[in-house]
Number of protein chains: 2
Amino acid sequence: MAGTRLFAERGYEGTSLSAIAHRAGVNKAMVSYHFGGKRKLYLAIVAATFDDIVGRAEELPALRRPAPELLRRLIALIAETATRRNPHFPVMMLREVLAGGRHLADGTLGYPLRVADVVRRIVERGIREGAFRPVNPLLTHLSLIGGLLFFFATAPLRHRLIATGRLGTSEPDAADYVRHMQDLLVEGLLARRRSRRGRTLMTVS
Amino acid sequence: MAGTRLFAERGYEGTSLSAIAHRAGVNKAMVSYHFGGKRKLYLAIVAATFDDIVGRAEELPALRRPAPELLRRLIALIAETATRRNPHFPVMMLREVLAGGRHLADGTLGYPLRVADVVRRIVERGIREGAFRPVNPLLTHLSLIGGLLFFFATAPLRHRLIATGRLGTSEPDAADYVRHMQDLLVEGLLARRRSRRGRTLMTVS
DNA sequence: GTCTATAGGCTGATAGAC
DNA sequence: GTCTATCAGCCTATAGAC
């Protein structure tokens with residue numbers, strides 16, 4: 001889909017039919033003719049983007065593997081989608097949740113819920129099996145997905161900062177970030193005998 | 001600033017001067033008169049939003065406290081900003097990094113860098129002191145900030161899903177998420193004798 | 001199917017009265 | 001300072017030729 005990149009880079013309102021038609025090498029009347037207008041084109045792109053990743057993620061809980069391994073697999077799966085299958089997925093997803101689903105029909109709105117459900121099933125299995133400490137699955141989901149989407153969605157900004165010599169390092173490797181998130185989550189959720197948890201510090205003096 | 005909420009909810013291109021003027025109860029000619037146009041108004045709002053949180057975060061490394069505590073404080077500080085000082089900060093920040101800094105002048109572009117630098121200094125101190133395992137500070141920064149911004153920026157979507165009865169639970173408490181992120185990060189970065197790390201699983205069969 | 005031409009509306013900016 | 005009126009430009013959608 002030609003408009004995917006434009007919608008990802010500039011958002012729904014920031015992208016005009018003229019720009020899409022120009023990039024696709026056709027006339028802008030063609031876009032309305034084939035997709036029924038800008039809104040319908042956008043919805044088709046979002047659905048195609050989310051369907052792939054959510055469908056693949058939902059296959060994971062059926063595997064009879066230990067929860068920590070499933071969590072590692074889910075992280076790798078999302079990263080593989082973001083790097084190879086559809087580089088625009090993280091930005092599209094973040095743009096949609098930022099909009100609060102204002103653009104979306106009810107069916108499309110459920111995609112984030114389905115991902116949250118996959119994480120919930122994996123985390124609850126890990127707690128049941130004694131591998132994870134008793135942690136809130138929804139909060140785990142939010143930190144996991146948030147950390148992953150943020151990494152891939154901010155790649156263009158990092159490239160710009162690197163090009164102007166303002167980011168000390170070079171672009172971190174996606175595989176390194178996958179390992180980082182896998183280790184952070186699995187180590188951070190691990191059940192232990194003597195926990196050091198309990199310090200809140202919500203108040204900042 | 002009256003336009004803050006509109007820019008946060010609908011983005012730069014999705015917000016018109018007419019809408020801002022209407023919400024502020026003035027004429028749209030007034031907005032251009034006082035701020036010099038839509039772009040300058042937006043830049044002023046972004047700068048005001050980022051200045052507060054970045055400035056406060058940069059005071060942390062000067063404190064002579066253990067690194068894990070500083071990390072907990074940083075998380076609490078960002079959450080306090082997002083809940084009490086400026087509820088629109090997470091969405092504004094995410095929108096800007098998604099745009100790759102396209103809207104921003106060079107000075108404003110540096111705000112994310114300054115937050116990353118605070119995390120880097122805390123993490124490097126933790127490694128030096130033997131509290132943290134040798135972890136990449138930039139990757140730590142990305143997972144930390146990504147997880148935090150995602151939680152607060154997705155609150156409107158969650159409210160909508162809860163209102164239509166599609167999210168099983170009620171809205172999670174912000175203080176609970178702060179504790180979750182504090183525990184996840186500090187536990188996940190903790191130095192241990194026998195590490196279980198090393199499984200990559202980047203390839204998903 | 002693919003194009004050009006155009007309609008009708010909204011945008012941001014500004015001139016000018018008060 | 002604050003307003004109304006207006007400008008030129010862009011937007012999406014579509015009618016109609018081929």
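Every chain is numbered from 1 and lettered A, B, ... according to where its sequence line falls, protein lines coming before strand lines.
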*What's the CD-C1' distance between A/E13 and C/dC10, to the nearest Å?*
14 Å
*Starting from the 5' end of DNA chain C, give me the residue, B/Y12 or A/A29, whose nearest nucleotide shows up first.*
A/A29
*Between D/dG1 atom P and B/F35 atom CZ, what is the distance in whole Å?*
13 Å
*asked:* Quick check: B/F7 with B/Y42 (ring centres under 6.0 Å apart)?
replied: yes
_Which nucleotide in D/dT12, C/dC3, C/dT2 has an atom nearest any side-chain atom of A/K38_ = D/dT12
*asked:* If the test is side chain to side chain contact (heavy atoms under 4.5 Å, CB included), which one of A/V178, A/L77, A/D183 qualifies with A/R72?
replied: A/D183
*Once you round it to whole Å, what is the distance between P of C/dC3 and NZ of A/K28?*
14 Å
*So does A/S18 get a side-chain nitrogen or oxygen closer than 4.0 Å to the phosphate oxygens (OP1/OP2) of D/dC10?*
no
*D/dC11 phosphate, OP1 or OP2, under 4.0 Å from A/S16 side-chain N/O*: yes
*Do A/K38 and A/Y12 meet the cation-pi criteria used here (NZ or CZ under 6.0 Å from the six-membered ring centre, within 45° of the axis)?*
yes
*Could you state the atom-to-atom distance from NE2 of A/H22 to C1' of D/dC10 in whole Å?*
16 Å
_Measure CD1/B/I20 against P/C/dT11 and give the value in whole Å, please._
11 Å
*Using whole Å, report how far CG of B/N27 lies from C1' of C/dA15.*
14 Å
*Write down the distance between NE2 (B/H34) and P (C/dT14), rounded to a whole number of angstrom.*
16 Å
*May I have the distance from B/L17 (atom CG) to C/dG12 (atom P), rounded to whole angstrom?*
4 Å
*Please work out whether the ring planes of A/F151 and A/Y177 are parallel, tilted or perpendicular, with thresholds of 30° and 60°.*
parallel
